[in-house]
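Following: one structure in structure tokens, then a few remarks.
Numbers for residues simply follow the sequence, beginning at 1.
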Amino acid sequence: MKPRVGLVVVMMLGLVGCGSASPDSAASAVSSTSTRQTGFPDVAGKTLAEASFALSSAGYSNYTYWVDGKFDPHAVSSNDDLASFLVTSSYPSAGSEVSKSDHIMLNLIPNPDNPPKPKPSPIPSPAPLPTQTTIAVPAPTTPAAAPTPKKPKQSLVTYIVESDGPIGLITYTNFVGNKMGQEQASDEVLGPVEKSYEFDASNFESSYGFWSLGVSAQAGAGTSIITCRIMHDGREISKQTSTGQYSIVTCNAGR
């Protein structure tokens, strides 16, 4: 009886096809492993000068600036500007696995200790001198009791994070009244999540003051969509949405 050579060869080819990866997929895995890095630097809270040095030392150079929630390619025009901004957050976040060639986003606010120089305002023309008039002096009266000082008007800021699945790390960043605060919630929760803060309303009414509000959140396993919103006294001033599990969404607002 002749050996069944054809059947043995077919069975061996079948086993090889089931147990081995294709050359293209293997090469892709090796390439991906060789270009990924771990431990992305933590630059939140640093000046832009310090953050730039940390990123450059780690081999990252492809990044852009977002100032008060808006993309600003002209925020830094000289080395002197590096000390005029603080980094509130980055994408990706600290410790993430990221390639040195990936695009990095830095969220910035003005540095209260060394703010950017504002543009000079025009000097108004002097008002004309008043004409001399006779003023009648009223008779003295009993002074009224001094009114009780009222509590300064407050503004309410509310951060909202919504998703169709688990929410991982949430970071809240406030820079109001020349004071910066940051709070993180790392316990995985189901949305929606709300967090509110009260501030003196005068911090938002001044035309010369700086303020910045920000929230970022990461979707958990199985989450397909995640949305963040910032509400100021009941009015929505920022909204962003990201899709896909482990995606990061960031909302910023300010002046």
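Counting only N and O atoms by type, the side chains of N174 and Y159 include a donor and acceptor under 3.5 Å apart. Using modelled atom types and a 3.5 Å distance limit, the side chains of D164 and S224 yield a donor-acceptor pair. A donor atom on one side chain and an acceptor atom on the other are found under 3.5 Å apart for D233 and S155. A side-chain donor-acceptor contact under 3.5 Å links Q184 and T171. In the model, S247 has no side-chain atom that pairs as donor or acceptor with a side-chain atom of S242 under 3.5 Å. There is a side-chain donor-acceptor pair under 3.5 Å between T241 and T227.
Atom CH2 of W211 and atom CZ of F199 lie 10.5 Å apart (nearest 0.5 Å). The CG atom of L108 sits 11.5 Å away from atom CH2 of W66, with the distance rounded to the nearest 0.5 Å. Distance check, rounded to the nearest 0.5 Å: CZ of F85 to CG of L48 gives 8.0 Å. Atoms OG and CD1, on S238 and I230 in that order, are 4.5 Å from each other to the nearest 0.5 Å. Between atom CZ of residue F175 and atom CE of residue M180 there is a gap of 8.0 Å, rounded to the nearest 0.5 Å. Residue L55 holds its CG atom at 11.0 Å from CG of N62, rounded to the nearest 0.5 Å.
Judged by distance alone, the side chain of N111 and the main-chain N or O of L86 form no donor-acceptor pair under 3.5 Å. When atom types are taken as modelled, the side chain of E194 and the backbone of I160 share no donor-acceptor pair closer than 3.5 angstrom. Listed for the S56 side chain is no donor-acceptor partner under 3.5 Å among the backbone atoms of S52. Under the 3.5 Å distance criterion, the side-chain polar atoms of S99 are matched with a main-chain donor or acceptor of S101. Using modelled atom types, no side-chain atom of R229 and backbone atom of T158 make a donor-acceptor pair closer than 3.5 Å. Checking side-chain atoms of S163 against main-chain N and O of G165 turns up a donor-acceptor pair under 3.5 Å. In this structure, E188 contributes its side chain and G168 its backbone to no donor-acceptor pair below 3.5 Å.
Counting heavy atoms from C-beta on, the side chains of V161 and V215 come closer than 4.5 Å. Taking the side chain as every heavy atom from C-beta outward, Y60 and H103 never approach each other to under 4.5 Å. Residues L106 and V43 are in side-chain contact: their nearest non-hydrogen atoms beyond the backbone lie under 4.5 Å apart.
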*Go through T173 and Q182 one step at a time and tell me if the side chain to side chain donor-acceptor pair (under 3.5 Å) criterion holds.*
CA-CA 4 Å; T173 304; Q182 189 173 75; 3.1 Å; yes
*Take L213 and V176 through the side chain to side chain contact (heavy atoms under 4.5 Å, CB included) test and state the conclusion after the steps.*
CA-CA 8 Å; L213 308 171; V176 180; 4.0 Å; yes
*Worked verdict on Y91 versus I104 for side chain to side chain contact (heavy atoms under 4.5 Å, CB included)*: CA-CA 6 Å; Y91 177 77; I104 310 301; over 6 Å; no
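The nearest pair of heavy atoms linking A217 to I226 is CB-CD1, 3.9 Å. Here the closest non-hydrogen pair linking K153 and D200 is O-OD1, 3.5 Å. Of all heavy-atom pairs between T223 and P166, the closest is OG1-O, 2.7 Å.
Within a 6.0 Å radius of CZ in F53, other residues, nucleotides and ligands contribute 12 heavy atoms or fewer.
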